[in-house]
**Student:** 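Pasting in a structure now, in structure tokens, and then I'll have a few things to ask.
Only this structure's heavy atoms are used, side chains among them; waters, hydrogens and symmetry mates stay out. Remember, predicted model here, so these are calculated numbers, not experimental data.
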Amino acid sequence: LGPQAGRAARRRDRDMTNTARAKDLVWYAREVLREMREASERGVWNGVVRRGQEALELSLKALLLHLGGDYPREHDVAPAFVRLVGGRGLAVDPDRLERLARASADLARKRAPALYAEIACTAEHARAAVAAAEDAFLLATEHLGEPPPGPFRPGTTTTPESGDQK
């Protein structure tokens, strides 16, 4: 079907929704990074690793949405991001992409054990989590821009109760 059937209009709406959702995720990632830094200042290494994983995941999911993809409902989304970058021929430094993919896999494995103190994260684990989370956020802001200051005001998101679009 062509544009007369409304296909192009629906695609534009979806793209706007994906961009709005992506920007929402970048805003949220910034706040999670703030919490990660606070945990780091207090020496709560397990909290740094947990929040670092969350910030990295949110940043990569924002990029997936921004690039027109969707994200898998799992914590390690780097494989989907790497595939999308390769498929779209985007210029992302291959070493950076590899570092983010390794960090995403590592932090996704540590996510729950860090939260429940089933592992003892070290200052070195925390430093690696901070570096990876900051890099993923920087990559997201390079493509989406800095999120606005102030309280969270979602654009077009789903409501937790219904899953319906607002």
Side-chain angles (χ1 to χ4, degrees), residues 11 14-148 152 155 157-158:
R11 180 174 294 133
R14 185 185 68 230
D15 291 345
M16 289 173 48
T17 299
N18 278 355
T19 299
R21 288 177 55 211
K23 288 181 178 189
D24 288 349
L25 292 181
V26 172
W27 183 95
Y28 192 35
R30 181 188 61 199
E31 297 308 306
V32 172
L33 284 170
R34 182 186 52 75
E35 294 169 6
M36 177 194 68
R37 290 181 197 111
E38 290 172 1
S40 184
E41 289 170 9
R42 293 189 312 275
V44 183
W45 307 135
N46 279 37
V48 173
V49 168
R50 171 63 183 228
R51 296 310 266 171
Q53 185 283 325
E54 293 170 348
L56 186 147
E57 178 182 339
L58 288 166
S59 296
L60 292 183
K61 285 182 174 182
L63 284 163
L64 282 165
L65 287 171
H66 176 66
L67 296 172
D70 200 1
Y71 52 81
R73 302 310 193 257
E74 55 192 49
H75 299 298
D76 181 10
V77 298
F81 180 65
V82 169
R83 278 191 305 276
L84 188 63
V85 166
R88 298 278 166 90
L90 296 175
V92 177
D93 176 55
D95 291 335
R96 186 182 199 186
L97 206 53
E98 178 61 30
R99 278 192 314 273
L100 286 171
R102 278 196 315 268
S104 179
D106 180 55
L107 291 172
R109 280 191 303 274
K110 291 176 181 169
R111 182 180 199 276
L115 177 66
Y116 298 112
E118 295 168 357
I119 60 173
C121 295
T122 65
E124 184 57 36
H125 294 134
R127 277 191 290 278
V130 167
E134 295 276 2
D135 190 34
F137 181 76
L138 180 61
L139 184 60
T141 59
E142 287 168 6
H143 289 271
L144 286 154
E146 286 287 331
F152 182 52
T157 59
T158 56

**Student:** Between CG of L60 and CG of L65, what distance do you get to the nearest 0.5 Å?
**Tutor:**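 Answer rounded to 0.5 Å: 11.5 Å.
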
**Student:** Between atom CZ of R96 and atom CG of L139, what is the distance when rounded to the nearest 0.5 Å?
**Tutor:**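 The CZ atom of R96 sits 4.5 Å away from the CG atom of L139.
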
**Student:** On a heavy-atom basis, which atom in A132 and which in L107 lie closest, and how many Å separate them?
**Tutor:**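 So the two residues come closest at CB-CD1, 4.4 Å.
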
**Student:** Hey, could you give me the NE2/OG1 distance between H125 and T122, rounded to the nearest 0.5 Å?
**Tutor:**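 The OG1 atom of T122 is 4.0 Å from NE2 of H125, to the nearest 0.5 Å.
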
**Student:** About how many Å separate CG of L25 and CG of L63, when rounded to the nearest 0.5 Å?
**Tutor:**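 The CG atom of L63 sits 10.0 Å away from the CG atom of L25.
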
**Student:** Kindly indicate whether the side chain of T141, heavy atoms from C-beta on, has any atom under 4.5 Å from the side chain of P147.
**Tutor:**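 Yes. Closest side-chain heavy atoms under 4.5 Å.
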
**Student:** Between W45 and C121, which heavy-atom pair has the shortest distance, and what is it?
**Tutor:**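 The pair with the smallest heavy-atom distance is CB-O, 3.4 Å.
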
**Student:** In terms of side-chain geometry, is the basic nitrogen of K110 or D106 positioned less than 4.0 Å from the acidic oxygen of its partner?
**Tutor:**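 Looking at D106 together with K110, the answer is yes, because their closest N to O distance falls below 4.0 Å.
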
**Student:** Does any pair with a residue in residues 86-95 pass side chain to side chain donor-acceptor pair (under 3.5 Å), and if so which ones, sequence neighbours excluded?
**Tutor:**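 Every candidate side chain to side chain donor-acceptor pair (under 3.5 Å) pair involving residues 86-95 fails, so no pair, neighbours aside, qualifies.
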
**Student:** May I ask you to test the M36-E54 pair for a side-chain heavy-atom distance under 4.5 Å?
**Tutor:**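 Not touching, per the 4.5 Å side-chain cut-off.
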
**Student:** What do the steps show when you test L67 against F81 for side chain to side chain contact (heavy atoms under 4.5 Å, CB included), and what is the final call?
**Tutor:** CA-CA 9 Å; L67 296 172; F81 180 65; 3.9 Å; yes

**Student:** Is a salt bridge present between R37 and E41, judged by a nitrogen-to-oxygen distance below 4.0 Å?
**Tutor:**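 Looking at E41 together with R37, the answer is no, because their closest N to O distance does not fall below 4.0 Å.
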
**Student:** Taking the side chain as C-beta and beyond, is there a heavy-atom pair between L115 and R111 under 4.5 Å?
**Tutor:**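 Result no, sub-4.5 Å side-chain heavy-atom pair not found.
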
**Student:** Is it true that a side-chain atom of R30 and a backbone atom of V26 form a donor plus acceptor pair closer than 3.5 Å?
**Tutor:**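 No; zero donor-acceptor contacts below 3.5 Å.
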
**Student:** Would a 4.5 Å heavy-atom cut-off, applied to side chains only, mark Y116 and N46 as touching?
**Tutor:**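 With C-beta onward as the side chain, the pair stays apart.
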
**Student:** Looking at every non-hydrogen atom in both residues, tell me the closest pair between V82 and A101 and how far apart they are.
**Tutor:**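 Taking V82 first and A101 second, the nearest heavy atoms are CG2-CB, 4.3 Å.
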
**Student:** Would you mind reporting whether E57 and V32 have side-chain heavy atoms less than 4.5 Å apart?
**Tutor:**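 They are not in contact (no side-chain heavy atoms under 4.5 Å apart), so the answer is no.
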
**Student:** Taking S59 for its side chain and A55 for its backbone only, find out whether a donor-acceptor pair lies under 3.5 Å.
**Tutor:**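 Indeed, once roles are kept as given, a pair shorter than 3.5 Å links the two residues.
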
**Student:** Quick one: list whatever passes salt bridge (Lys or Arg N to Asp or Glu O under 4.0 Å) with R83, sequence neighbours left out.
**Tutor:**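 Partners of R83 by the salt bridge (Lys or Arg N to Asp or Glu O under 4.0 Å) criterion come out as none, since no residue qualifies.
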
**Student:** Can you confirm whether K23 sits close enough to W27 that some side-chain heavy atom of one is under 4.5 Å from a side-chain heavy atom of the other?
**Tutor:**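 With C-beta onward as the side chain, the pair stays apart.
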
**Student:** Side chain of R73, backbone of Y71: donor and acceptor closer than 3.5 Å?
**Tutor:**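 The answer is yes, because a donor-acceptor pair under 3.5 Å joins these two groups.
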
**Student:** Rounded at 0.5 Å granularity, tell me how far CG in L84 sits from CG in L64.
**Tutor:**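 Taking CG in L84 and CG in L64, the distance rounds to 6.0 Å.
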
**Student:** Applying side chain to side chain contact (heavy atoms under 4.5 Å, CB included), run through V49 and Q53 and close with a yes or a no.
**Tutor:** CA-CA 6 Å; V49 168; Q53 185 283 325; 5.7 Å; no

**Student:** For the atom pair NZ (K61) and CG (L56), what is the distance rounded to the nearest 0.5 Å?
**Tutor:**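 One gets 11.0 Å once the value is rounded to the nearest 0.5 Å.
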
**Student:** Could you report the tightest heavy-atom contact between A108 and D76, atom names first, then the distance?
**Tutor:**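 It is CB-CB, 3.8 Å.
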
**Student:** Once salt bridge (Lys or Arg N to Asp or Glu O under 4.0 Å) is applied, do any residues pair with E118, and if so which ones, sequence neighbours excluded?
**Tutor:**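 E118 satisfies salt bridge (Lys or Arg N to Asp or Glu O under 4.0 Å) with no other residue.
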
